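Throughout, residue positions are numbered sequentially from 1 according to the sequence presented. In each ligand, atom 1 is the first atom listed, and ligand 1 is the first ligand listed. Every value quoted in this text rests on a predicted model; they were computed, and no experiment measured them.
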Amino acid sequence: MTEEHGPTGDRLYGDADLVRFYDIENGCAADWQYSATMAETAGSVLDLGCGTGGFLTYLEGDRQLCGVDPAKAMLDVARARPRGHTVDWVQDDARTVRLQRKFDLVVLTGHAFQVFLSADDRRAALATIAAHLSPEGRFVFDTRNPLIEDWRSWTPDETQRGFEHPDLGLVTCWNDVCQDVRTGIVTYETHYRAEASGEMFSASSQIAFPGQSELAGMIEEAGLEVEQWLGDWLESAYSKASADIIPIGRLKR
Ligand SMILES: C[S@@+](CC[C@H](N)C(=O)[O-])C[C@H]1O[C@@H](n2cnc3c(N)ncnc32)[C@H](O)[C@@H]1O
């Protein structure tokens with residue numbers, strides 16, 4: 001693990017050569033839209049695992065905004081956004097960061113919660129949420145439902161795609177995947193090939209798929225309570241068939 005690849009060691013977020021593809025492949029989706037609606041009544045918002053800062057800079061209105069991420073290359077993109085100067089960007093780890101500030105809304109968007117690979121990592125991230133919530137504040141995050149086994153389709157054949165990059169021209173990309181059946185941790189590769197030069201950019205990433213009952217216990221242990229368990233961003237209640245597990249809650253009363 002080198003500093004170049006960030007404290008989490010994942011080139012996908014730590015290597016500027018790969019980060020330049022992030023905003024082309026990811027962007028405003030239903031999670032940002034739903035969380036932005038929650039932010040309308042919040043005077044302050046903390047985004048843990050904020051990445052390239054798309055969500056915070058998408059928010060309208062005047063409020064205190066803070067984004068935390070360990071990956072410098074992601075934060076460099078965030079800082080350079082037109083509204084990047086309106087956000088306090090903090091290069092740190094969501095498991096351990098303590099900002100000595102409270103927020104009305106704490107979010108983790110884009111399935112960022114799945115970067116916490118062990119139960120201890122997840123407990124630590126939940127403790128960080130609890131430590132930064134104001135008395136009436138709310139938290140929300142999404143994590144893919146392990147019962148759906150979404151990762152099974154992240155094969156080269158099923159993920160082959162392409163896009164035009166402003167500097168590199170046509171880029172072809174695909175994923176590959178394997179699961180450790182013992183831990184449930186999924187390792188997926190992301191490959192980008194610049195067709196004009198033949199140059200390849202690749203990363204190997206790991207994510208966890210905690211189940212709803214494990215999360216429910218940990219959230220309670222962290223001193224938080226869930227008001228709603230959603231199963232998607234259309235506000236369907238969570239069920240075993242849901243694509244996502246989305247707890248929305250607050251500090252335990
Ligand atoms: C899937 S991306 C999501 C980024 C962003 N939230 C979004 O919606 O586009 C996951 C992010 O989590 C960050 N990350 C990895 N380990 C982390 C940690 N220990 N604490 C906080 N963020 C972390 C990565 O650097 C990356 O930016």
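With Tyr192 as the aromatic partner, Arg20 does not meet the cation-pi criteria of under 6.0 angstrom to the ring centre and within 45 degrees of the ring axis.
Side-chain contact, Thr172 with Glu195: a donor N or O sits under 3.5 Å from an acceptor N or O. Side chain to side chain, Thr187 and Gln206 meet the donor-acceptor criterion of an N or O pair below 3.5 Å. A donor and an acceptor atom, one from each side chain of Asp244 and His111, are located under 3.5 Å apart.
The closest donor-acceptor contact from the side chain of Arg79 to the backbone of Gly53 lies at 3.5 Å or more, if one exists at all. Checking side-chain atoms of Arg83 against main-chain N and O of Thr57 turns up a donor-acceptor pair under 3.5 Å.
Atom numbering of ligand 1 starts at 1 in the shown order; those under 4.0 Å from a heavy atom of Ala94 are 18 (C), 20 (N), 21 (C). Close approach of ligand 1 to Tyr22 is summarised as follows: ligand atoms under 4.0 Å from at least one heavy atom of the residue are 1 (C), 2 (S), 3 (C), 4 (C), 5 (C), 7 (C), 9 (O). Residue Ala71 approaches ligand 1 through these ligand atoms, each under 4.0 Å from one of its heavy atoms: 25 (O). The distance from ligand 1 to the heavy atoms of Trp32 drops below 4.0 Å at these ligand atoms: 8 (O).
With a heavy-atom cut-off of 4.0 Å, Ala125 does not touch ligand 1 at all. Within the 4.0 Å heavy-atom criterion, the part of Val115 lying near ligand 1 is the side chain and not the backbone.
In this structure, Cys50 is part of the shell of residues with a heavy atom less than 4.0 angstrom from ligand 1. Within the structure, ligand 1 has Met74 among the residues with a heavy atom less than 4.0 angstrom away.
Taking both residues in full, the closest heavy atoms of Arg63 and Gly43 are given as CB-O, 3.2 Å, listed atom of the first, atom of the second, then distance.
Considering Phe141, Trp32, Tyr34 in turn, Tyr34 is the only one that fulfils the ring pair (Phe, Tyr, Trp, His ring centres under 6.0 Å) rule with Trp233.
Nearest residue to atom 25 (O) of ligand 1 from Asp69, Asp93, Leu117, Leu48 is Asp69 (criterion: closest heavy atom). Considering only non-hydrogen atoms, atom 14 (N) of ligand 1 lies nearest to Pro70 out of Gly54, Ala73, Pro70.
The shortest N/O to N/O separation between Thr109 and ligand 1 falls below 3.5 Å.
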